[in-house]
Amino acid sequence: MVNNQEVASVLQKVRQANPLVHNITNVVVTNFTANGLLALGASPVMAYAKEEVADMAKIAGALVLNIGTLNPTEVEAMIIAGKEANEAGVPVIFDPVGAGATPYRTETARNIAGAVQVSVIRGNAAEIANTIGEAWAIKGVDAGEGSGDVVSLAKNAAKRLKTVVAITGKEDVVTDGNTTYIIRNGHPILTKVTGTGCLLTSVIGAFAAVERDVLKAAAAALVSYGVAAEMAAKKAGEQGPGSFQIAFLDALSRVGADEIHQYGRIEQGE
Ligand SMILES: Nc1ncnc2c1ncn2[C@@H]1O[C@H](COP(=O)(O)OP(=O)(O)OP(=O)(O)O)[C@@H](O)[C@H]1O
Ligand SMILES: Cc1ncsc1CCO
Ligand SMILES: [Mg+2]
């Protein structure tokens with residue numbers, strides 16, 4: 001059972017270990033992702049060339065693959081890096097950005113999930129549904145009243161892909177198919193800053209680099225990230241998304257055991 005105490009302890013391990021996180025990510029969020037990982041206490045690197053991704057991936061603590069602005073050259077590099085990470089026992093975290101939006105994206109998400117053993121896949125409900133080829137009604141995306149559906153979707157995806165699945169939104173659901181946690185942290189203003197989902201995927205990478213129990217690592221990342229967002233929203237949310245983005249980077253560097261114990265809202269689901 002992952003509780004706030006365990007969340008705080010994995011967060012502390014990230015700060016102590018300063019893990020190297022290799023990101024092959026999209027051009028929109030690159031800088032924000034690097035700064036977010038630095039603020040948290042991890043060590044980001046972006047490397048894309050197929051000539052070097054295998055060498056980088058095998059020395060990293062985690063590899064993050066994100067198809068937000070995909071192209072064939074980059075996808076080829078992602079698969080090379082992913083396979084090398086698998087060989088080296090480096091956890092691979094996958095963000096199927098926009099799966100379902102175009103056939104190329106959907107196919108690529110499925111190809112990557114098939115070719116690489118992914119430790120965690122993180123996306124919104126529509127992206128996860130499209131990655132496993134399940135129909136998904138938009139009205140179920142807001143986890144409010146539809147959270148039961150999100151839980152079943154997450155469990156199905158975990159069983160089909162044999163991986164931990166994190167579906168984020170108003171509430172976050174994370175499951176390995178057997179054990180499920182619901183996290184009720186975060187703030188709606190996160191949806192007004194681009195790349196907050198992508199940075200979260202990389203933050204899961206930092207946590208997975210220091211904690212072998214992948215479900216625990218992912219749950220701890222979701223709680224820490226959501227609590228940091230609440231701290232930032234309190235400080236700067238009223239001023240708007242620009243101030244919030246900066247306050248959020250600050251909060252990622254400040255969030256610690258005290259805040260996790262005070263604000264962390266994680267519970268075990270069915
Ligand atoms: N309505 C909401 N209330 C509180 N937190 C939210 C809400 N919507 C999203 N979040 C939080 O925002 C973060 C990003 O999740 P989201 O589901 O928006 O990712 P995403 O769709 O991949 O985003 P993007 O592609 O824009 O980066 C998560 O921490 C999630 O919990
Ligand atoms: C806006 C946007 N377009 C492709 S990726 C991206 C960043 C959010 O994932
Ligand atoms: Mg996203």
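Treat the numbers as computed from the prediction; the structure is a model and nothing was measured. Ligands are counted one by one from 1 in listed order, and the atoms in each one are counted from 1 as well.
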Pair V53-H22, side-chain contact (heavy atoms from CB on, under 4.5 Å): steps then yes or no: CA-CA 9 Å; V53 287; H22 176 194; 4.2 Å; yes

Check against side-chain contact (heavy atoms from CB on, under 4.5 Å), V21 and V64: CA-CA 7 Å; V21 180; V64 176; 3.7 Å; yes

From CA spacing to verdict: side-chain contact (heavy atoms from CB on, under 4.5 Å), V164, T175: CA-CA 6 Å; V164 167; T175 184; over 6 Å; no

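When each of D95, N66, T168, T33 is checked for a side chain to side chain donor-acceptor pair (under 3.5 Å) with T201, only D95 meets the rule.
Considering only residues two or more places apart in sequence or on other chains, K235 meets the side chain to side chain donor-acceptor pair (under 3.5 Å) condition with none of them.
The atoms of ligand 1 that sit less than 4.0 Å from any heavy atom of P188 are 2 (C), 3 (N), 4 (C). The atoms of ligand 1 that sit less than 4.0 Å from any heavy atom of D172 are 30 (C), 31 (O). The atoms of ligand 2 that sit less than 4.0 Å from any heavy atom of N26 are 5 (S), 7 (C). Atom numbering of ligand 1 starts at 1 in the shown order; those under 4.0 Å from a heavy atom of L200 are 28 (C), 29 (O). Every atom of ligand 1 is numbered from 1 in the order shown, and the set under 4.0 Å from a heavy atom of H187 is 3 (N), 4 (C), 5 (N), 6 (C). Applying the 4.0 Å criterion to heavy atoms of R122 picks out, from ligand 1, the atoms 19 (O), 20 (P), 22 (O). Residue T194 has at least one heavy-atom neighbour below 4.0 Å for each of these atoms of ligand 2: 1 (C), 7 (C), 8 (C). With ligand atoms numbered from 1 in the order given, ligand 1 contributes 4 (C), 5 (N) to contacts under 4.0 Å with heavy atoms of G186. Interface atoms of ligand 2 facing V97, defined by a heavy-atom separation under 4.0 Å, are 9 (O). Those atoms of ligand 1 with a heavy atom of C198 less than 4.0 angstrom away are 27 (O). Residue L190 approaches ligand 1 through these ligand atoms, each under 4.0 Å from one of its heavy atoms: 11 (C), 12 (O), 13 (C), 29 (O).
Residue contacts with ligand 1 include T196, since one of its heavy atoms falls under 4.0 Å from the ligand. For G197, the closest heavy-atom approach to ligand 2 does not fall below 4.0 Å.
Residues K13 and E211 are paired through a salt bridge, judged by an N-O separation under 4.0 Å between the basic side chain and the carboxylate. Under a 4.0 Å N-O distance rule, the pair E267/R184 qualifies as a salt bridge.
Any N or O atom pair closer than 3.5 Å counts here, and T191 shares no such pair with ligand 1. The distance criterion of under 3.5 Å between nitrogen or oxygen atoms is met by G169 with respect to ligand 1. Residue contacts with ligand 1: N124 is placed with a nitrogen or oxygen under 3.5 Å of a nitrogen or oxygen of the ligand (distance criterion only). Polar contact with ligand 1: present for T168 (N/O pair, distance under 3.5 Å).
Between T73 and K50 there is no side-chain heavy-atom pair separated by less than 4.5 Å.
Atom CD of Q117 has 12 or fewer heavy atoms from other residues, nucleotides or ligands within 6.0 Å.
Aromatic rings from Y225 and F207 are positioned such that their centres are separated by 6.0 Å or more.
A donor-acceptor contact closer than 3.5 angstrom links the side chains of K234 and Y263.
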